[in-house]
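Comments concern the structure below.
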Amino acid sequence: MRRLLVGWLLVSVFNAAAAPLLAQGGQSQPEQDRAALDKLLAAMAFLRDRNARDYAITSPNGIDDARYVEIGGIQQWVTIRGEDRKNPVVLFLHGGPGDATNPWAYAVFRPWHKYFTVVQWDQRGAARTLGGNARSLVETITIDRMAQDGIELAQMLCRLLGQDKIILVGHSWGSILGVFMAKARPDLFYAFVGTGQVADEGSNYTVAYRGLLAKAAALGEQGAIRELREVGPPPYPDGRGYAIQRKWSNFFEGADVFIGAMFGLALMAPSQTLRDVNDWLDGQSLSAERLVPQTSKLGPGQLGGDFALPIFVIQGADDFTTPTPLAKSFVDSIRAPRKAFVTIEGGGHFAVFMRSSVFLHELVSRVRPLAKRR
């Protein structure tokens, strides 16, 4: 079904605007649909070519590499982009699970390339890594296996880019993966930076419910108050209560607009095909099926404790998906050589993307000085 989604969406969107004009030419409906789709695909190809030029790395000492590399016994898709190879390296761990950032974050991370070499990785079961491997890899999609994948990738990046260590940044599900990697091999990383930090899966929805009610009351959003009170606090007997929470989380965080923009950027990404987009969508479903049952069992005992490297959490002040109070409690409770908790005002769960300039400022001022310039 998901593999039909993109093609159906493109035809439907274009036909809504173009069908009246096409009908004047006396074409049959299938001919109208084909003509509409051809015209839209041509426009998308133009925008992809334009984005390839506009977002190209052209600096003399820059790097712009995209390829499959063998990690954990399979081919996994990795991109490496930056304006100066001497800059510190950031390995960005996407969230989801399975919500790879490679299809669209080429635009968001553009300002980062001045200060960092940014590595994005389609994790096991996600996006092009899913598309490049047989579906038989599904049984290997586990937290432990993927943490080892990440460690292998970090080692490869140190060798390839001539770095002693790299900076690890994890968003949402990626913050879980980052914690496991940082605990296993702290010697590979200058620091771990979490955002949309997962701290206690068992308490997430309960704390978010209270926060959403308080936000709705403060804004006088009666529709939110009514629907949240109708479903009550979690746990819920079915998916409706969780859907209501997600609806109002996205509304208060402004995430609906961001998600639409994300999808549009993915469709217009340089060298991106519709198959790649479908693999991106499929990977989110597959990864959630495999990993959510594993992550739902995690709490402070597995995610907190002792760390042998600096830990930073840069969190949206109004994150109702991985609640900000829980992220702060995580930082307060851990033991690390250095730690800091920073909130981004006006930011929610996707603050790293939606308030990217503020996030970048914190990353440059707090974390970059820890990395030795080569």
Side-chain angles (χ1 to χ4, degrees), residues 55-72 74-94 100-102 105-106 108-124 129 146-171 174-175 177-195 307-314 336-340 352 356 359-374:
Y55 291 98
I57 301 291
T58 59
S59 52
N61 201 38
I63 182 170
D64 187 355
D65 193 4
R67 53 174 151 153
Y68 283 101
V69 296
E70 184 169 335
I71 304 171
I74 66 170
Q75 295 296 306
Q76 303 201 38
W77 183 254
V78 175
T79 63
I80 307 172
R81 307 191 78 221
E83 295 180 8
D84 188 345
R85 292 169 182 264
K86 295 179 181 179
N87 278 334
V89 176
V90 166
L91 172 56
F92 189 86
L93 305 176
H94 65 69
T101 50
N102 256 320
Y106 61 92
V108 176
F109 287 145
R110 182 179 186 177
W112 294 37
H113 297 150
K114 179 179 179 180
Y115 305 97
F116 301 100
T117 296
V118 179
V119 179
Q120 296 184 79
W121 161 41
D122 292 5
Q123 298 160 18
R124 182 177 294 257
T129 295
M146 294 172 71
Q148 184 56 42
D149 287 349
I151 289 168
E152 289 182 28
L153 174 57
Q155 292 172 317
M156 184 203 79
L157 292 171
C158 288
R159 292 193 302 269
L160 179 66
L161 300 173
Q163 300 283 332
D164 297 323
K165 301 180 183 182
I166 64 176
I167 298 167
L168 189 62
V169 179
H171 173 246
S175 73
L177 186 59
V179 163
F180 276 77
M181 290 169 58
K183 285 189 171 186
R185 289 295 305 273
D187 57 300
L188 290 173
F189 309 110
Y190 288 115
F192 168 67
V193 182
T195 183
F307 291 83
L309 76 171
I311 303 293
F312 301 85
V313 171
I314 306 174
R338 180 175 178 179
K339 64 180 183 178
V352 61
S356 183
F359 191 97
L360 177 61
H361 171 76
E362 298 294 343
L363 201 61
V364 170
S365 62
R366 294 174 182 271
V367 184
R368 194 174 186 269
L370 302 178
K372 298 175 181 177
R373 183 175 172 85
R374 295 297 292 257

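Nothing here was measured: the structure is a model prediction, and the numbers come from that model.
Here the CG atom belonging to Asp164 is positioned 11.0 Å from the CG atom belonging to Asp187, to the nearest 0.5 angstrom. Here the straight-line distance linking atom CG of Leu160 with atom CD of Gln155 works out to 13.5 Å at 0.5 Å rounding. Atom CG of Asp122 and atom CG of Asn102 lie 4.5 Å apart (nearest 0.5 Å).
Aromatic rings from Phe109 and Phe116 are positioned such that their centres are separated by 6.0 Å or more.
Closest approach of Lys86 and Gln163 over heavy atoms only: O-NE2, 4.4 Å. Contact detail for Ile166 and Leu91: the closest heavy-atom pair is CD1-CB, 3.8 Å. Pairing each heavy atom of Pro337 with each of Leu309, the nearest pair is CD-O, 3.4 Å. Scanning all heavy atoms of the two residues, the minimum distance from Ile167 to Ala371 falls at CD1-CB, 4.2 Å. Listed here is the closest heavy atom pair of Leu188 and Ala154: CD1-CB, 4.2 Å.
For Thr117 (side chain) and Arg85 (main-chain N/O), no donor-acceptor pair under 3.5 Å exists by modelled atom type. Looking only at distances, a side-chain donor or acceptor of Asn87 sits under 3.5 Å from a matching main-chain atom of Lys114. The closest donor-acceptor contact from the side chain of Gln76 to the backbone of Val69 lies at 3.5 Å or more, if one exists at all.
For Tyr115, the side chain to side chain contact (heavy atoms under 4.5 Å, CB included) partners are Leu360, Val364, Arg368, not counting sequence neighbours. Residues forming a side chain to side chain contact (heavy atoms under 4.5 Å, CB included) with Lys165 (at least two apart in sequence, or on another chain): Tyr190. Applying the side chain to side chain contact (heavy atoms under 4.5 Å, CB included) criterion to Arg338, with sequence neighbours excluded, gives Pro310, Phe312, Leu370. Shown here are the side chain to side chain contact (heavy atoms under 4.5 Å, CB included) partners of Ser175, two or more places apart in sequence or in another chain: Phe192, Gln197, Val198.
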Just list the side-chain donor-acceptor pairs under 3.5 Å for residues 57-66, sequence neighbours left out, or say none.
| from | atom 1 | to | atom 2 | distance (Å) |
| --- | --- | --- | --- | --- |
| Ser59 | OG | Glu83 | O | 2.6 |
| Asn61 | ND2 | Asp84 | OD1 | 2.8 |
| Asp64 | OD1 | Arg81 | NE | 3.2 |
| Asp64 | OD2 | Arg81 | NH2 | 3.4 |
| Asp65 | OD2 | Arg67 | NE | 2.8 |
| Asp65 | OD2 | Arg67 | NH2 | 3.0 |

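For the ring pair (Phe, Tyr, Trp, His ring centres under 6.0 Å) test with Tyr106, the passing option among Trp112, Tyr55, Phe92 is Tyr55; the others fail.
In this structure, the side chains of Gln120 and Trp77 stay at 4.5 Å or more apart for every pair of heavy atoms. Annotation: side chain of Ile80 is in contact with side chain of Leu161 (closest heavy-atom distance under 4.5 Å). Looking only at side-chain heavy atoms (C-beta outward), Val313 and Lys339 stay at 4.5 Å or farther from each other. For the pair Val367/Val193, a side-chain contact is recorded, criterion being any heavy-atom separation below 4.5 Å from C-beta on. Taking the side chain as every heavy atom from C-beta outward, His94 and Gln123 approach each other to under 4.5 Å.
Under 3.5 Å, the side chains of Thr79 and Trp121 contain no donor-acceptor pair of N or O atoms.
Every pair passing salt bridge (charged side-chain N to carboxylate O under 4.0 Å, His left out) that includes a residue from residues 149-158 is listed here, sequence neighbours excluded: Arg124-Asp149, Arg145-Asp149, Arg145-Glu152.
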